[in-house]
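Step one of this worksheet: look at the structure below.
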Amino acid sequence: MDAIAERLLKPEAAPERTPVPPFDLVIFGAGGDLALRKLFPALAQRNEEGVLPEESRILGIVRKQEDVEGIPNEIAAKLAAAGLSQDRVAAFRRRLTMVLLDAVKPETYGALREALGDSQRVRSFYLSTPPDLFIPICENLASSGILTPTSRVILEKPLGRDLASAREINDAVARILPESRTYRIDHYLGKETVQNLLVLRFANTLFERSWSSRDIDNVQITVAETVGLESRAGYYDKAGHLRDMVQNHVLQLLCLFAIEPPNQLEADAVRDEKVRVLKALRPIVGPDVQRHTVRGQYGPGVIDGQRVKGYAEELGHVSGTETFTAIRCELDTWRWAGVPIYLRTGKRMAQRYSEIAVTFKPVPHSIFGRAPGCEELYANRLIIRLQPNDGVQLQLMMKVPGSGKLKVVPRQLDLRYETAFDVRTPDAYERLLTDVIRGDQTLFMRRDEVEQAWTWVDPILAGWQEYYPQPHRYAAGSWGPSQAIGLIEREGRSWADPEFGE
Ligand code: BG6
């Protein structure tokens, strides 16, 4: 048996763990939605795997006395509900310390300084707070003498609300910590399929050779959610979907899809290439927003058989904020010139699914003529599915077996993570949180990347204000406003059917 055959047959064990040094991780916003839903469970999972060194601690910053007991109780209840035994829950709980502090009041930081003591462990500060708190928190950490020479901060997205505010935050943070210790998180970069994009492209020659306008007709990036506003009205209604999802997650997917090969898998080599992609995005300016973008806001509708409220009703007042965005964009580079890239993302859509669908060009000439059974040769399509059913599918034309007339139909090669590997797919935050402690910035956004993304997004926001102030309505449980269908159909194409990746 040759080496590859042996490898193909062998069940693959989970990758070897990279050691994590002892640490103190401080989470600002410990009682917030993100911390409770994602950060603590991710840390508990890593604890279960034995990745967290014995002496490491997790400190949660809370503002109310009752949260000092209340938050650990809530975390423990969630872990127990997820099936963790009493002993294991207690073991994780022993790592938690809640610290009462008001992020904007420097005089309250003494409690944190005391809780941290003079330990030499790696100190990481996760700012899971609105971006207007980033500057005061960094300044207060510095002035309270809490930052050590290896301390690092983790900043949640969106970083600011436009280029000017992002720069202001970046400047202020840079006065306190060097770029090498600033981690701008975008959890999409921690998703397995997103990391697999680099492997798919650069560990295989098959796709890389056709990864350009020569062979690709169009690219579609869809990030569809069925959830609505949840408990985030205060933040979301001010931000809107373009800032919440496109400026970061969707553009990061586009970057990894389109980058030139970095010369090695090293943080700055990868990030240099991503910045180049962002710089090549053709600006959409002024009245062009009407032609190249679609804004939508969901009204009432039905999802999974359940009636759901419209956005304004959920919010309690009328609002001009978009909950859906579709954009037709292009990259002005040799590789991508002339390939339309369609971005589509929204809340309360028909189905939760995220994918990159790459449609190749049709064959230049059909040798099968137009005989019945062969008249339709569909272009090949590659689907990189992020969620659910993470994996890769390739649509190919095949002959239907039989000795009758030739019949050609599309079928798909289906490589799903759950069937290809017998290992658990971790949540994005599990990897990202330990990457910070290890000091690996590959999956984090560098300052220039974030600013370049805003440089592209800002004119769209300005164009909307002037030329497109009201979002179109769409029914919850649909695929967005009809204008989003028009955006692609007027160019003789259509959105990839999500059923294809099912
Ligand atoms: C967050 C956005 O960054 O990503 C949310 O703020 C969104 O609005 C979430 O719901 C989606 O993440 P995921 O991992 O569920 O696709």
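In listed order, ligands and their atoms are each counted from 1. Model, not experiment: these values are computed from the prediction.
The shortest N or O to N or O distance between Glu225 and ligand 1 is under 3.5 Å. The shortest N/O to N/O separation between Gln387 and ligand 1 falls below 3.5 Å. An N or O contact shorter than 3.5 Å links Lys191 to ligand 1 by distance. Looking at ligand 1, you'll find an N or O of Lys157 within less than 3.5 Å of one of its N or O atoms.
Per-residue contacts place Asp244 under 4.0 angstrom from the following atoms of ligand 1 (heavy atoms of the residue considered): 2 (C), 5 (C), 6 (O), 8 (O). Short contacts between ligand 1 and Lys347, defined as distances under 4.0 Å to a heavy atom of the residue, involve ligand atoms 5 (C), 7 (C), 8 (O), 10 (O). Listed by atom number, the atoms of ligand 1 under 4.0 Å from His249 heavy atoms are 1 (C), 3 (O), 4 (O).
Using a 30° and 60° split on the angle between ring planes, Phe92 and Phe40 fall in the perpendicular class, above 60°. Aromatic ring orientation, Trp495 versus Tyr342: perpendicular (interplanar angle above 60°, classes split at 30° and 60°).
Of the heavy atoms in Arg352, only side-chain atoms (C-beta onward) come closer than 4.0 Å to ligand 1.
Between the Arg473 side chain and the Gly296 main chain, no donor and acceptor come within less than 3.5 Å of each other. One N or O on the side chain of Thr323 and one on the backbone of Tyr298 form a donor-acceptor pair closer than 3.5 Å. Using a distance-only test at 3.5 Å, with no hydrogens or angles considered, a donor-acceptor pair links the side chain of Arg348 to the main chain of Thr226.
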Using the side-chain contact (heavy atoms from CB on, under 4.5 Å) rule, take Phe444 and Arg184 through it: C-alpha gap first, then chi angles, then the decisive distance, then the call. CA-CA 5 Å; Phe444 293 83; Arg184 296 177 194 81; 5.5 Å; no
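Applying the side-chain hydrogen bond (donor to acceptor under 3.5 Å, both in side chains) test between Thr359 and each of Gln395, Arg381, Arg493 identifies Arg381 as the sole match.
Taking all atoms of both residues into account, the shortest heavy-atom contact from Leu112 to Leu101 is CB-CD1, 3.8 Å.
Ligand 1 lies less than 4.0 angstrom from a heavy atom belonging to Tyr188.
Of the candidates Arg243, Glu230, His241, Arg232, Arg232 brings a heavy atom nearest to atom 5 (C) of ligand 1.
Ranking protein heavy atoms by distance to atom 12 (O) of ligand 1, first place goes to His187 NE2, 3.2 Å.
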